[in-house]
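This report refers to the structure that appears directly beneath it.
Sequence positions, counted from 1, serve as the residue numbers for this chain.
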Amino acid sequence: MRRNILAAAFCGLGSIAIADTVTIAALGDSLTQGYGLPEAEGFVPQLQGWLDDQGLAVRMINAGVSGDTTQGGLSRVAWTLTPEVDAMIVALGGNDLLRGIVPETSRANLRGILEVAATQNVEVLLVGMEAPGNYGPEFKTTFDSIYPDLAEEFDVALYPSFFQAFDGEADVPAQLGEFIQPDGIHPSASGVARIVEAMGPAVADLAARASDETG
């Protein structure tokens, strides 16, 4: 049964209890790594701060590598999941799109990552990515379906898009100016803060489920 993390997010954090410190690895690309930002203003440090502010005993590990594709993530997931890691955020696919990698390859790589996590009993939050329209409708439909399909197949939590916090605004660049760096791709520090605020409850839920598994 697929878990709907958006519903969990709207329920608030009152029911989330974590007895011991949970370690979460964020496996991703430049969006996770914090490209173009001072270290303290990147995604993982800001997410760590958000979790700390909620009083949650969670330790984040930044496993983001700029330029990484789903293939790169697959090649390093096994050594990323050291025995201390209880859960993992998987946020990959953007560079596959930039390179025009066929969706079938991206799907196979992400499936491989989830298979490794399953064998190690690691809870996962799969972060989706949406293809632009310039590759054509068939490519977009095929790529966009990867994340919900795999989330259902592996029974892992799905967060629809790394940029979910800007849903409905992406088509109006002027509205995103302060939230996106000049390259038009990577979020600014304030953009990361907004992303973290939106995604935070899903990560807190991930930590709670990992705590239940290890407790």
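The minimum heavy-atom distance between Ala26 and Val44, with the atom names listed, is CB-CG2, 3.9 Å. Scanning both residues, Ala165 and Ala198, for their nearest heavy atoms gives CB-CB, 3.7 Å. Nearest heavy-atom pair, Trp50 versus Ala204, reported as atom, atom and distance to 0.1 Å: CZ3-CB, 4.3 Å. Counting all heavy atoms, side chain and backbone alike, Gly42 lies closest to Leu37 at CA-CD1, 4.1 Å. Shortest non-hydrogen contact noted between Ala207 and Val58 is CB-CG2, 3.6 Å. For the pair Asp96 and Ser106, the tightest heavy-atom approach, listed with the atom from each and the gap, is OD2-OG, 2.7 Å.
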Test Phe143 against Ile101 for side-chain contact (heavy atoms from CB on, under 4.5 Å), laying out the working first. CA-CA 10 Å; Phe143 184 91; Ile101 295 172; over 6 Å; no
Test side-chain contact (heavy atoms from CB on, under 4.5 Å) on Leu125 and Asp205 and set out the steps. CA-CA 9 Å; Leu125 174 63; Asp205 184 64; over 6 Å; no
As a quick check of understanding, evaluate side-chain contact (heavy atoms from CB on, under 4.5 Å) for Leu51 and Val203, giving each step before the final call. CA-CA 8 Å; Leu51 293 164; Val203 178; 4.2 Å; yes
Assess the residue pair Arg76 and Leu27 against the criterion (side-chain contact (heavy atoms from CB on, under 4.5 Å)); give the C-alpha distance rounded to whole Å, side-chain angles, the decisive distance to 0.1 Å, and a yes or no. CA-CA 9 Å; Arg76 60 193 177 86; Leu27 183 74; 3.4 Å; yes
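Going from atom CG of Leu150 over to atom CG of Asp155 covers 12.5 Å, rounded to the nearest 0.5 Å. In this structure, Thr32 OG1 and Met60 CE are separated by 8.5 Å, a value rounded to the nearest 0.5 Å. Considering CE of Met129 and OG1 of Thr70, their distance stands at 11.0 Å, rounded to 0.5 Å. Separating the CD atom in Glu123 from the CZ atom in Arg209 is a distance of 5.0 Å, to the nearest 0.5 Å. Atom CG of Asn62 and atom CD of Gln48 lie 11.0 Å apart (nearest 0.5 Å). Taken from OG in Ser161 to CE in Met199, the straight-line distance is 8.0 Å, to the nearest 0.5 Å.
Summarising the local packing, CD of Glu138 is surrounded by 12 or fewer heavy atoms from other residues, nucleotides or ligands at distances under 6.0 Å. Annotation for Tyr35: atom OH does not count as buried by contact number, only 12 or fewer foreign heavy atoms lying within 6.0 Å.
No side-chain heavy atom of Tyr159 sits less than 4.5 Å from a side-chain heavy atom of Leu126. With a 4.5 Å cut-off on side-chain heavy atoms, Val85 and Thr80 do not count as touching. Two residues are said to be in side-chain contact when any heavy atoms from C-beta on lie closer than 4.5 Å; Leu47 and Ile89 meet this criterion. Proximity of Pro187 to Phe179: side-chain heavy atoms (C-beta onward) are nowhere separated by under 4.5 Å. The side-chain heavy atoms of Leu114 and Glu153, taken from C-beta on, include no pair separated by under 4.5 Å. You'll find the side chain of Leu92 reaches within 4.5 Å of the side chain of Ile113, heavy atoms only. Between Pro132 and Leu97, some side-chain heavy-atom pair lies under the 4.5 Å cut-off. Using a 4.5 Å heavy-atom threshold, the side chains of Leu110 and Ile146 count as touching.
Side chains of Thr142 and Arg107: a donor-acceptor N/O pair is absent below 3.5 angstrom, by distance only. A donor and an acceptor atom, one from each side chain of Asp29 and Gln33, are nowhere located under 3.5 Å apart. No donor-acceptor contact under 3.5 angstrom links the side chains of Asn95 and Thr69, judged on distance only.
A donor-acceptor pair under 3.5 Å links the side-chain atoms of Ser188 to the main chain of Glu178, judged by distance alone. Although no hydrogens or angles enter the test, the distance criterion places a donor-acceptor pair under 3.5 Å between the side chain of Lys140 and the main chain of Ala131. Remark: the backbone N or O of Val192 is not paired with any side-chain donor or acceptor of Gln46 at under 3.5 angstrom. The closest donor-acceptor contact from the side chain of Arg59 to the backbone of Thr23 lies at 3.5 Å or more, if one exists at all. Under the 3.5 Å distance criterion, the side-chain polar atoms of Asn109 are matched with a main-chain donor or acceptor of Thr105. For Ser211 (side chain) and Ala208 (main-chain N/O), no donor-acceptor pair under 3.5 Å exists by modelled atom type. Listed for the Glu115 side chain is no donor-acceptor partner under 3.5 Å among the backbone atoms of Phe154.
Residues Tyr147 and Val116 share a single hydrophobic cluster, defined by chaining ILVMFWY side chains whose heavy atoms lie under 4.5 Å apart.
Note: Phe162 and Phe43 meet the aromatic proximity criterion, with ring centroids under 6.0 Å apart.
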